[in-house]
> 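Quick one: this structure, given as structure tokens, is what I'll be asking you about.
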Amino acid sequence: MIRSNRSVGTRRGRQYAAATGAVLALAGLTALVVGVQAQRDPPRPPAGAAASPSIPAASTATPGPTGSPPKGPATRGPILPPSVPLRVDIPAIEVSSEMRPLGLNPDHTVQVPPLTRDSWAGWYRYSPTPGQLGPSIVLGHIDSAKYGPGVFFKLGALRPHDTVSIARADRTVAVFSVDRVAEYPKDHFPTLEVYG
């Protein structure tokens, strides 16, 4: 009889342990799913960032003395000669990507990098090269339904004074400091501000 009680007790203990393990596994799986769901949305810029004062557009430049170029928005650091960008690095959001030139689609919209598993950044080749005077346009995806996070998934987490470094074909590196981060709906995109 004692053997039979031990046998029943051991069996119940095993069943209890198996049930407890199943509950813990289910709880762990639930926590994992919730964590993955939370990572599907990219970080957002701080509230009110889009309402920040605009960066003056190139058209607001004032004429300089005779024979000199117009004076535009204040620029810090040297202005570099044209050189094709090769790589972009943004340490604050763990971006390190090659850059490829992009042009226009047949309908005259700006090309964007293709949606692929290995998301990369592109440079709009009809804009100044990074380091030249004027707005240099860098393009990349935030995410896609098929492949998940893109190269600029964490862009909304950038904050003022974070740095962006762009290595160029002439072996120089153009380094920029973030002034602000803003998000705009497609139907209210500030085209003049971005493209100058």
Side-chain angles (χ1 to χ4, degrees), residues 36-52 54-59 73 79-160 162-170 172-196:
V36 168
Q37 291 283 7
Q39 286 299 314
R40 285 189 182 165
D41 292 327
R44 304 305 265 220
S52 299
S54 324
I55 298 169
S59 60
I79 300 207
L80 302 173
S83 182
V84 174
L86 303 176
R87 174 162 219 82
V88 60
D89 290 290
I90 313 172
I93 58 171
E94 301 171 347
V95 167
S96 184
S97 171
E98 67 177 299
M99 291 181 74
R100 299 179 190 170
L102 299 166
L104 292 173
N105 293 311
D107 66 356
H108 298 286
T109 56
V110 176
Q111 287 179 332
V112 295
L115 286 172
T116 60
R117 185 168 312 284
D118 299 321
S119 181
W120 46 266
W123 163 68
Y124 179 56
R125 69 177 181 231
Y126 300 116
S127 71
T129 62
Q132 278 190 283
L133 185 60
S136 183
I137 311 300
V138 176
L139 303 156
H141 292 288
I142 300 293
D143 61 6
S144 77
K146 185 173 182 179
Y147 297 110
V151 65
F152 290 144
F153 184 76
K154 297 179 182 177
L155 201 62
L158 281 175
R159 295 295 174 256
D162 287 341
T163 59
V164 177
S165 300
I166 299 182
R168 302 167 8 122
D170 66 0
T172 61
V173 177
V175 180
F176 303 90
S177 178
V178 173
D179 290 323
R180 68 186 168 103
V181 179
E183 179 178 12
Y184 299 94
K186 286 183 180 181
D187 58 348
H188 289 91
F189 186 77
T191 305
L192 182 61
E193 184 177 328
V194 172
Y195 293 97

> Once you round to the nearest 0.5 Å, how far does CG of Asp162 lie from CG of Asp179?
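One gets 11.5 Å once the value is rounded to the nearest 0.5 Å.
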> So, taking the atom named OG1 in Thr129 and the one named CD1 in Ile137, what distance separates them when rounded to the nearest 0.5 Å?
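Atom-to-atom, Thr129:OG1 and Ile137:CD1 are 12.0 Å apart.
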> For Thr172, is there any backbone N or O sitting under 3.5 Å from a side-chain donor or acceptor partner on Asp170?
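Yes, the answer is positive, given that a donor and an acceptor are paired below the 3.5 Å cut-off.
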> Might you point out which heavy atoms bring Arg168 and Pro130 nearest each other, and give the distance in Å?
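Taking Arg168 first and Pro130 second, the nearest heavy atoms are NH1-O, 2.8 Å.
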> For residues Gln132 and Pro81, report the shortest heavy-atom separation together with the two atoms involved.
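Shortest heavy-atom contact: CG-C, 4.1 Å.
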> So how far is it from Trp123 CH2 to Met99 CE, rounded to the nearest 0.5 Å?
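Going from the CH2 atom of Trp123 to the CE atom of Met99 covers 8.5 Å.
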> Within this structure, what is the OG1-CD1 distance for the pair Thr163 and Ile90, rounded to the nearest 0.5 Å?
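Going from the OG1 atom of Thr163 to the CD1 atom of Ile90 covers 9.0 Å.
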> What are the two closest non-hydrogen atoms of Val178 and Val164, and how far apart are they?
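Minimum heavy-atom contact is CG2-CG2, 4.3 Å.
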> Which atom names give the shortest non-hydrogen contact between Gly103 and Tyr124, and what distance separates them?
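It is O-CE1, 3.6 Å.
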> What is the minimum heavy-atom distance between Pro128 and Pro135, and which atoms define it?
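The pair with the smallest heavy-atom distance is CD-O, 3.1 Å.
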> List the atom pairs, donor and acceptor, that lie under 3.5 Å between side-chain atoms in residues 144-156 and the rest of the protein, sequence neighbours left out.
unit_1	atom_1	unit_2	atom_2	d
Ser144	OG	Tyr147	N	2.9
Lys154	NZ	Glu94	OE1	2.9

> Once rounded to the nearest 0.5 Å, what's the spacing between atom CD1 of Ile166 and atom OG of Ser83?
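Answer rounded to 0.5 Å: 11.5 Å.
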> Which pair of non-hydrogen atoms, one from Tyr184 and one from Phe189, has the smallest distance, and what is that distance?
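Result for this residue pair: CB-CA, 4.4 Å.
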> How long is the straight-line distance from CD of Gln111 back to CG of Leu104, given to the nearest 0.5 Å?
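One gets 7.0 Å once the value is rounded to the nearest 0.5 Å.
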